[in-house]
Amino acid sequence: MSCRRGALIVLEGVDRAGKTTQCQTLVQALQQSGRPAEIMRFPDRTTKIGQLINSYLEKKSNLEDHTVHLLFSANRWEMVPLMKQKLEQGITLVVDRYAFSGVAFTSAKPGFSLEWCMKPDVGLPKPDLVMFLQLNPSMAANRGEFGIERYETSDFQRTVSQRFEELMQDSSINWKVIDAARTIEEVHKDIKLLSEDILSLAENQPVGELWK
Ligand code: TMP
């Protein structure tokens with residue numbers, strides 16, 4: 001008999017909303033309660049594609065806008081076999097950004113529609129839960145290190161926020177909005193409760209296909 005699958009949980013939000021800290025804290029909490037869980041993040045800067053993206057984000061190289069969008073998507077697709085394997089092994093994946101960031105960031109650039117941006121990611125493993133850490137872009141700008149990498153300007157992040165709002169209208173995705181302006185502990189409490197609820201629901205269902 002095959003074991004129950006793990007859940008695919010995604011954290012999204014504008015830059016500096018606290019996603020990375022919350023992903024790490026959630027994985028620790030799940031592990032401590034005896035549930036196998038691992039963190040993943042996109043972009044995964046360790047692969048060859050990821051290194052191209054990293055150099056672009058650090059402004060060490062320039063890439064054409066469509067090209068970099070497709071690289072971000074390819075960087076997710078290259079991890080799909082590993083993701084499926086882990087989920088089937090019963091490991092819950094807590095993912096720091098996913099296709100939603102891909103769409104929100106590229107479509108914040110002039111001339112890019114949501115529809116075009118979504119296409120390359122159609123069919124990726126569908127998250128069981130997507131938690132959006134909501135934080136006013138001007139509050140995010142006051143948090144540390146804002147402004148070092150490409151995209152880290154308040155104006156751009158404001159447009160990214162609007163694109164996320166549009167993506168959240170899609171009821172085929174299990175979106176939950178989390179107020180990220182609170183303390184790390186308060187935010188974690190909400191995230192942990194929502195995640196625990198989804199684990200038992202996901203284990204009895206096959207992994208879905210995103211935007212299909
Ligand atoms: P990070 O700071 O979480 O490592 O994310 C790197 C930046 O890349 C961040 O500004 C969001 C952006 N991004 C995209 O533009 N497209 C994508 O598909 C992803 C995953 C991130």
Side-chain angles (χ1 to χ4, degrees), residues 8-27 39-80 82-83 93-127 130-135 137 139-141 143-167 173 178 180 191 210-211:
L8 182 56
I9 298 174
V10 170
L11 266 76
E12 284 285 7
V14 293
D15 289 1
R16 310 290 165 220
K19 291 179 299 299
T20 305
T21 305
Q22 291 298 337
C23 282
Q24 288 163 347
T25 315
L26 175 60
V27 165
I39 196 162
M40 284 188 99
R41 67 176 307 162
F42 292 110
D44 179 334
R45 304 187 193 214
T46 65
T47 68
K48 283 192 183 134
I49 296 170
Q51 282 159 21
L52 292 174
I53 294 171
N54 182 52
S55 154
Y56 172 81
L57 288 172
E58 290 183 345
K59 300 181 196 163
K60 290 179 182 150
S61 64
N62 284 318
L63 289 166
E64 193 275 332
D65 287 330
H66 299 79
T67 310
V68 76
H69 182 73
L70 296 173
L71 286 176
F72 273 112
S73 177
N75 184 235
R76 285 183 277 281
W77 278 107
E78 65 180 335
M79 301 311 286
V80 167
L82 184 67
M83 291 172 77
L93 296 177
V94 175
V95 185
D96 186 350
R97 296 192 190 278
Y98 201 48
F100 313 99
S101 275
V103 175
F105 278 76
T106 303
S107 68
K109 296 177 178 179
F112 285 88
S113 67
L114 282 189
E115 290 69 29
W116 187 88
C117 293
M118 286 160 85
K119 289 234 164 81
D121 286 310
V122 169
L124 280 176
K126 181 178 174 178
V130 188
M131 287 176 281
F132 182 75
L133 269 59
Q134 198 159 50
L135 186 70
M139 276 188 81
R143 293 186 172 182
E145 293 177 70
F146 199 78
I148 293 171
E149 285 205 327
R150 202 182 284 265
Y151 301 146
E152 294 188 333
T153 66
S154 293
D155 277 352
F156 191 74
Q157 297 285 328
R158 214 162 274 126
T159 314
V160 170
S161 262
Q162 287 164 8
R163 296 293 172 265
F164 272 122
E165 294 292 336
E166 288 171 46
L167 284 172
I173 303 293
I178 310 275
I191 289 180
L210 181 64
W211 294 326

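Order of appearance sets the numbers: ligands from 1, and atoms from 1 within every ligand.
Panel note: side chain E58, backbone K60; no donor-acceptor pair is recorded below 3.5 Å.
Each of the following atoms of ligand 1 lies closer than 4.0 Å to a heavy atom of P43: 5 (O), 6 (C), 20 (C), 21 (C). Proximity to F42 (heavy-atom distance under 4.0 Å) selects the following atoms of ligand 1: 20 (C). Close contacts of ligand 1 with L57, meaning ligand atoms under 4.0 Å from a residue heavy atom, involve 6 (C), 7 (C), 8 (O). In summary, the atoms of ligand 1 found under 4.0 Å from a heavy atom of D15, numbered by their order in the structure, are 9 (C), 10 (O).
No side-chain heavy atom of R41 sits less than 4.5 Å from a side-chain heavy atom of V95. The side-chain heavy atoms of D121 and R76, taken from C-beta on, include a pair separated by under 4.5 Å.
Salt bridge annotation for R45-E149: present, with a cationic side-chain nitrogen under 4.0 angstrom from a carboxylate oxygen.
Between the choices F156, F72, F100, the shortest heavy-atom distance to atom 21 (C) of ligand 1 belongs to F72.
No part of T106 comes within 4.0 Å of ligand 1, judged by heavy-atom distances.
Scored by the salt bridge (charged side-chain N to carboxylate O under 4.0 Å, His left out) test, E78 finds no partners at all (sequence neighbours excluded). I173 is linked by a side-chain contact (heavy atoms from CB on, under 4.5 Å) to F100, K126, V130, D170, W175, L210, W211, counting only residues two or more places apart in sequence or in another chain.
With respect to atom 5 (O) of ligand 1, the closest heavy atom belonging to the protein is R97 NE, 3.2 Å.
On a distance-only criterion, R41 and ligand 1 share at least one N/O pair closer than 3.5 Å. The N/O atoms of D96, backbone and side chain alike, include none that comes under 3.5 Å of an N/O atom in ligand 1. Remark: ligand 1 and R45 share an N or O pair separated by less than 3.5 Å (distance only, no angle test).
Ligand 1 has no atom lying under 4.0 Å from any heavy atom of E152. Within the 4.0 Å heavy-atom shell around ligand 1 one finds R76. Distances shorter than 4.0 angstrom do not occur between any heavy atom of K19 and any atom of ligand 1.
How far CE of M79 is from CG of L124: 12.5 Å, rounded to the nearest 0.5 Å. Separation of atoms NZ (K19) and CD1 (I178) is listed at 13.0 Å; rounding is to 0.5 Å.
Y151 and F105 have their aromatic ring centers within a separation under 6.0 angstrom.
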